[in-house]
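Below, all heavy atoms of this structure are taken into account, side chains as well, without hydrogens, waters or symmetry copies.
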Amino acid sequence: MELKREYVNGMNEQGDFDPSSPPPFRIADIRAAIPKQCWIKNPWRSMSYVFRDVSVVFALAAAAVYCNNWLFWPIYWFAQGTMFWAVFVLGHDCGHGSFSDNAILNSVVGHILHSSVLVPYHGWRISHRTHHQNHGNVENDESWVPLPENIYKKLDTSTRLLRFTVPFPLFAFPVYLWYRSPGKEGSHFNPYSNLFSPQERKLVMISTACWSTMAIILAYVSFTVGPSHMFKLYGIPYLIFVIWLDLVTYLHHHGHEQKLPWYRGKEWSYLRGGLTTVDRDYGLFNNIHHDIGTHVIHHLFPQIPHYHLVEATKAAKPVIGKFYREPKKSGAVPFHLINNLITSLAQDHYVSNSGDIVFYRTDLNLFKLLSLAKSE
């Protein structure tokens, strides 16, 4: 029989902090600590970031066309892929409504930005809303959800290796858009998918039409300038963008040095789920991709504009206490996160089929399969 655990401010009887313990504060306490100005959305300021990012995207493309040499192309690919990611983050803000209080402006800007990087705006917005509403919930979360052991064991060997071997998980996003994750059904492009309610079907159709229009434009330009040139101008930056997206979204919910809990049933709450998210320091990229690494407060209060997240986090930390995990300071380039990614993928494979508080478990046999695959 399992003994009932007693906690005081998250500390057990031995004086060790347990991140799965019930927090001694309410979400209202965190909200009250955040300054009033952090909740104000300035559409002009939001649009200034759009103009900045779009200008950089076009400037980089013009420079690539002008230079057109193999010394510049690798620089262009990384820089442009990073800017595609920054553009996506602004569209993500539109989806949360943190871009402005004007729903029409949010929708128009969100469609333009997300369609430009081949993301169906409403389809992704709705599934991402599900992710935020159920963060940390094994059964209902949507993004990078841990697999229960019974579903994990149904995966064939090749799927397991692809899912947990770098770099393959870093290219998962397009597959997720079309097919979702193992154990879930539906598509972000299909208005009749179980991702969406009947009232949302028209919105999904509009976004799929916008996505299709962008795909047709890309095909036409590819036919005009040649597929190889188009692949260099758009295709490779798109792949860099996908890597950024998968890396960042994975590490905001995985890879912390201490195992973090996932919840089911009565143990889950919006607050406890949100406190399992992880802030990350991306060095010089923090400003470029709009402080998306300031993730805990964003998950709890997604309506806060990105340009207020750092201030809001600083104000909330005294309330959150040990439940906030200070991110490791990064150099100019966050190379340290590569180790977090590799370690997590080697250890975080599935969770128990039962239990309302669960932690990732490791499939020791997968190590043998990985070793065999590398030796062949």
Side-chain angles (χ1 to χ4, degrees), residues 1-13 16-31 96 126-153 163-164 176 180-184 194-195 248-280 295-302 313 316-317 319-325 327 340 344-345 347-363:
M1 180 178 178
E2 185 178 352
L3 295 175
K4 184 178 180 180
R5 295 175 293 179
E6 297 292 338
Y7 300 99
V8 177
N9 294 332
M11 310 295 286
N12 62 20
E13 293 177 351
D16 299 320
F17 175 72
D18 186 338
S20 69
S21 60
F25 49 84
R26 302 167 302 156
I27 195 167
D29 299 325
I30 306 175
R31 182 188 295 272
H96 280 302
I126 293 166
S127 75
H128 190 63
R129 180 190 65 198
T130 301
H131 165 54
H132 269 259
Q133 291 174 341
N134 299 277
H135 44 210
N137 189 310
V138 175
E139 297 169 332
N140 300 320
D141 200 346
E142 176 64 28
S143 178
W144 294 113
V145 191
L147 298 177
E149 185 175 6
N150 60 332
I151 295 178
Y152 175 83
K153 289 189 174 179
R163 186 177 175 87
F164 297 105
Y176 166 71
R180 294 179 76 190
S181 304
K184 297 180 180 291
N194 59 13
L195 273 166
V248 170
T249 55
Y250 182 87
L251 288 177
H252 283 161
H253 301 276
H254 299 78
H256 191 260
E257 288 73 14
Q258 180 185 21
K259 288 279 188 181
L260 298 178
W262 288 79
Y263 300 102
R264 290 190 182 97
K266 59 181 174 54
E267 291 290 349
W268 181 86
S269 70
Y270 182 83
L271 175 59
R272 293 180 80 179
L275 292 175
T276 66
T277 58
V278 181
D279 278 10
R280 298 290 187 184
H295 209 66
V296 177
I297 290 301
H298 166 67
H299 247 271
L300 292 173
F301 307 107
T313 298
K317 283 197 293 185
V319 177
I320 301 174
K322 288 183 176 292
F323 287 87
Y324 178 80
R325 288 160 284 278
N340 291 88
S344 177
L345 289 173
Q347 297 177 353
D348 301 336
H349 298 149
Y350 63 88
V351 295
S352 172
N353 295 327
S354 60
D356 288 348
I357 301 177
V358 293
F359 295 80
Y360 266 111
R361 296 181 177 182
T362 302
D363 178 6

Strictly distance-based, threshold 3.5 Å: is any side-chain N or O of [X] a donor or acceptor partner for the main-chain N or O of [Y]?
X      : Y      : result
Arg280 : Leu251 : yes
Asn134 : Asn137 : no
Ser269 : Arg272 : yes
Tyr270 : Gln133 : no

query = Do Ile357 and Tyr263 come close enough that some side-chain heavy atom pair is under 4.5 Å?
reply =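 Ile357 reaches Tyr263 side chain to side chain.
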
request  = State, with a plain yes or no, whether a side-chain heavy atom of Tyr324 is found less than 4.5 Å away from one of Asp279.
outcome  =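 Of all side-chain heavy-atom pairs linking Asp279 with Tyr324, at least one is under 4.5 Å.
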
inquiry  = Ring centroids only, cut at 6.0 angstrom: are His295 and His135 within range, meaning strictly under it?
reply    =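 Judged by ring-centre distance (under 6.0 Å), His295 and His135 do not meet the cut-off.
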
ask   = Between His252 and His298, does the ring centroid distance fall short of 6.0 Å?
value =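 No, the ring centres sit 6.0 Å or more apart.
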
query = Charged N to carboxylate O under 4.0 angstrom, Lys259 versus Asp348?
reply = yes

query = When you check the gap from the basic side-chain N to the acidic O, do Arg180 and Glu142 get nearer than 4.0 Å?
reply = yes

Any donor-acceptor N or O pair under 3.5 Å, side chains Tyr250, Ser344 =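 Present: a donor and an acceptor within the cut-off.
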
key: Geometric class of the Tyr152/His349 ring pair [parallel <30°, tilted 30-60°, perpendicular >60°]   = parallel

